[in-house]
Every structure is written in structure tokens, then in C-alpha cells.
Amino acid sequence: MLEVNNLSAGYGRIQVLWDVSINVKDKEIVALVGANGMGKSTLIKCIMGVLKPKSGNIFFNDKDITGKAPHEINRNGIALVPEGRRLFYLMTVEENLLVGSQTRESKENRFKNLRKIYSTFPELEMRRSQLAGTLSGGEQQMLAIGRALMSQPSLLILDEPSLGLSPKAFQRVLSVINEIREAGISILLSEQSAVQALRVADGAFVMQSGRVVLSGSSSEVMSNRNIKEAYLGV
């Protein structure tokens with residue numbers, strides 16, 4: 001599904017990523033873990049077309065999407081739940097969700113998709129007319145996920161979904177991530193809370209200083225003593 005091959009990228013003269021390669025298979029949850037500043041968000045920006053890589057390629061469903069514009073990436077079936085959620089706080093919950101229907105197909109199915117989101121997140125349906133800025137942190141994260149799902153993606157990317165959440169709220173998000181995968185959507189989960197992410201993931205890539213230093217099944221990464229001590233903080 002998603003293949004990132006030997007990707008290098010940065011900002012001006014500052015290089016952040018060095019020959020990064022990752023992949024996400026169909027209906028798979030892949031954790032992208034590592035401490036803050038290790039290049040995870042930069043990699044996501046390249047995948048989503050926000051940042052053009054210096055070298056390397058990105059393929060999605062065997063199509064080269066390297067350097068494509070963000071709206072083209074979304075139209076091809078990739079949706080992002082950004083770090084910090086980036087909601088429209090003066091708009092209602094339902095208005096925020098409808099904003100997520102930007103592709104032609106998702107526009108045609110927006111009310112059907114809306115019902116699916118409310119089924120997954122009954123909390124949002126109860127607050128459909130409430131301003132997004134008045135929601136709790138956990139509810140805002142649910143709204144950000146729901147908005148991304150409104151575009152009918154086949155791959156959902158989540159960038160640091162635990163940010164600002166209580167442990168209970170993050171556990172709710174993780175349970176939803178499993179439900180999303182069961183519905184047939186692949187997931188790339190970028191997280192500093194590595195242990196939690198690895199518990200729900202099938203595979204994992206560990207990043208340090210802009211490089212992938214370990215990859216494998218989540219159980220293999222969890223059982224690596226050196227990696228646990230150096231990169232996962234456990």
C-alpha cells in the first residue's frame with residue numbers, strides 16, 4: 001500500500017531525514033516511534049505533500065506520489081490527523097466533520113459517512129451543534145479523527161494523537177484505531193508514547209536522528225532490550 005524508499009528531506013540547508021524507508025501494508029497498523037525531534041513529523045509532511053523531499057520516492061498503491069500536492073494526496077486515499085488536531089474551533093462539531101468531505105466521492109456520500117462517524121463516536125453526535133472549541137481534549141481528538149475519516153481514506157495517518165490527552169482519553173483513541181483497522185483502513189501511527197502505540201500495532205519503525213534504526217513486528221521491537229532503553233524509555 002504505502003512504500004517510502006530511501007527518503008531524504010529537510011528545511012533549507014538543514015537535513016532532517018536520511019535515507020528513510022518504511023512501508024504500510026493493506027489493513028495493517030504500523031507504529032512510527034521515537035522521541036520528539038527524531039524526524040517523524042517531517043516524514044509525515046513528505047508523505048502528505050507538505051514538504052518536498054530532497055531524494056527518494058513515495059509510492060501509494062503502486063502509484064508514485066512523491067512531491068504531489070496535499071489535495072492530490074488526499075484524493076488518492078490518504079488522510080491525516082495532524083499533531084495538535086487543528087480544528088475549526090468557532091465552527092460546530094458537524095461543520096468540522098463536513099469540512100472533511102473534499103473529494104468528489106466523499107461529497108456524494110457525506111451524510112452516509114456522517115452517520116458512520118456518529119456511530120463510531122456517539123459522543124460527537126450528542127455534541128453535533130456544539131462549538132469544537134468547547135470540547136474536551138479527548139473529544140477534540142475524536143473529532144479530528146472523524147473529520148479525516150469523512151474523506152473515505154484507505155490509509156489514515158495519525159501524528160502524535162496522545163498529545164494533551166489524559167491516559168484514559170488516549171486509551172479510547174487507541175480502541176477506535178483498532179475499530180478503524182477492522183473496517184478495512186490501514187493506519188500509520190506516529191507516537192512518542194511508544195509502548196502504547198506498539199501494543200496496538202502490527203509492525204513498527206523506530207526513528208532516531210532522522211534515520212530508521214530498527215524495524216520489525218511490534219513484538220520484536222518491544223522485546224529488544226537496547227531499543228527499549230535507548231528509544232522507548234522503558
Side-chain angles (χ1 to χ4, degrees), residues 1-84 86 102-103 148 151 153-161 163 177 181 185-194 197-198 200-218 220-221 224 226-227 230-232:
M1 175 171 275
L2 176 70
E3 292 186 18
V4 177
N5 299 319
N6 303 117
L7 202 75
S8 294
Y11 307 92
R13 296 182 179 180
I14 302 174
Q15 188 160 341
V16 178
L17 300 180
W18 306 77
D19 297 317
V20 171
S21 296
I22 71 166
N23 63 82
V24 181
K25 298 177 182 177
D26 189 35
K27 300 177 184 177
E28 182 180 51
I29 299 176
V30 170
L32 183 65
V33 298
N36 189 32
M38 294 296 105
K40 303 190 303 299
S41 292
T42 298
L43 174 57
I44 289 173
K45 287 178 181 178
C46 290
I47 295 171
M48 294 305 302
V50 177
L51 180 65
K52 187 173 182 178
K54 297 178 183 295
S55 62
N57 299 95
I58 304 168
F59 292 89
F60 185 65
N61 290 332
D62 298 321
K63 182 178 181 180
D64 191 344
I65 60 170
T66 313
K68 298 289 186 182
H71 71 274
E72 294 181 86
I73 303 296
N74 184 245
R75 191 163 58 219
N76 276 280
I78 305 178
L80 171 67
V81 181
E83 181 179 353
R86 300 183 188 176
Q102 293 298 317
T103 64
S151 68
S154 50
L155 172 64
L156 183 67
I157 300 177
L158 297 100
D159 192 5
E160 304 291 352
L163 188 66
I177 288 172
R181 188 263 295 276
I185 300 172
S186 301
I187 294 171
L188 178 61
L189 174 61
S190 173
E191 255 300 331
Q192 290 185 61
S193 299
L198 290 169
V200 300
D202 302 298
F205 294 86
V206 180
M207 292 192 68
Q208 183 194 28
S209 302
R211 293 177 169 85
V212 172
V213 295
L214 179 69
S215 64
S217 69
S218 58
E220 288 172 341
V221 173
N224 187 300
N226 292 333
I227 292 297
Y231 307 122
L232 307 186

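Among residues two or more places apart in sequence or in another chain, the side-chain contact (heavy atoms from CB on, under 4.5 Å) test is passed with Ser186 by Met1, Val24, Asp26, Leu155. Under the rule for a side-chain contact (heavy atoms from CB on, under 4.5 Å), the partners of Pro53 that lie at least two apart in sequence or sit in another chain are Leu7, Ala9, Cys46, Thr66. Partners of Ile185 under the side-chain contact (heavy atoms from CB on, under 4.5 Å) rule, at least two apart in sequence or in another chain, are Leu149, Leu156, Ile180. Applying the side-chain contact (heavy atoms from CB on, under 4.5 Å) test to Ser21 and every residue at least two apart in sequence or in another chain returns Asn6.
With a 4.5 Å cut-off on side-chain heavy atoms, Leu189 and Pro161 count as touching. Taking 4.5 Å as the limit, every side-chain heavy atom of Phe59 sits out of range of all side-chain heavy atoms of Leu2. With a 4.5 Å cut-off on side-chain heavy atoms, Ile47 and Val4 count as touching. Put simply, the side chain of Leu43 reaches to within 4.5 Å of the side chain of Leu17, judged on heavy atoms. No side-chain heavy atom of Val33 sits less than 4.5 Å from a side-chain heavy atom of Gln192. The shortest distance between side-chain heavy atoms of Phe205 and Asn23 falls below 4.5 Å.
Under the side chain to side chain donor-acceptor pair (under 3.5 Å) criterion, no residue pair touches residues 27-38, with sequence neighbours excluded.
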Exercise. Please test Asn76 against Asn61 for side-chain contact (heavy atoms from CB on, under 4.5 Å), starting from the C-alpha separation and ending with a verdict.
Key: CA-CA 9 Å; Asn76 276 280; Asn61 290 332; over 6 Å; no

Quiz prompt | Step-by-step side-chain contact (heavy atoms from CB on, under 4.5 Å) determination, Ser151 to Gln102 | solution = CA-CA 6 Å; Ser151 68; Gln102 293 298 317; over 6 Å; no

Practice problem: Kindly indicate, with the supporting measurements, whether the criterion side-chain contact (heavy atoms from CB on, under 4.5 Å) is fulfilled by Val206 and Val221. | Solution: CA-CA 8 Å; Val206 180; Val221 173; 3.7 Å; yes

Exercise. Step by step, work out the side-chain contact (heavy atoms from CB on, under 4.5 Å) result for Ile187 and Leu158.
Key: CA-CA 8 Å; Ile187 294 171; Leu158 297 100; 3.5 Å; yes

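Only one option out of Ile65, Ile73, Asn5, Ile78 pairs with Ile58 in a side chain to side chain contact (heavy atoms under 4.5 Å, CB included); it is Ile65. Just one of Val30, Leu32, Ile44 meets the side chain to side chain contact (heavy atoms under 4.5 Å, CB included) condition when paired with Ile157; it is Ile44.
Look at Asp202 and Arg181 and you find a salt bridge, because one of the NZ, NE, NH1 or NH2 atoms lies within 4.0 Å of a carboxylate O, short of that distance. Using a 4.0 Å cut-off between charged side-chain N and carboxylate O, Lys40 and Glu160 make a salt bridge.
Here the NZ atom belonging to Lys52 is positioned 10.5 Å from the NZ atom belonging to Lys68, to the nearest 0.5 angstrom.
Across all their heavy atoms, Glu83 and Ser41 have their closest contact at OE1-OG, 3.5 Å. For the pair Gly10 and Lys54, the tightest heavy-atom approach, listed with the atom from each and the gap, is N-CE, 3.8 Å. In terms of heavy atoms, Phe60 sits closest to Ser154 at CZ-OG, 3.4 Å. In plain terms, the two heavy atoms of Gly84 and Leu163 that are nearest each other are N-CD2, 4.2 Å.
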Which atom pairs, one a donor and one an acceptor, fall under 3.5 Å between side chains of residues 210-218 and the rest of the protein, sequence neighbours left out?
from: Ser217; atom 1: OG; to: Ser219; atom 2: OG; distance (Å): 3.1
from: Ser217; atom 1: OG; to: Glu220; atom 2: N; distance (Å): 3.2
from: Ser217; atom 1: OG; to: Glu220; atom 2: OE1; distance (Å): 3.4
from: Ser218; atom 1: OG; to: Leu198; atom 2: O; distance (Å): 3.4
from: Ser218; atom 1: OG; to: Ala201; atom 2: O; distance (Å): 2.8

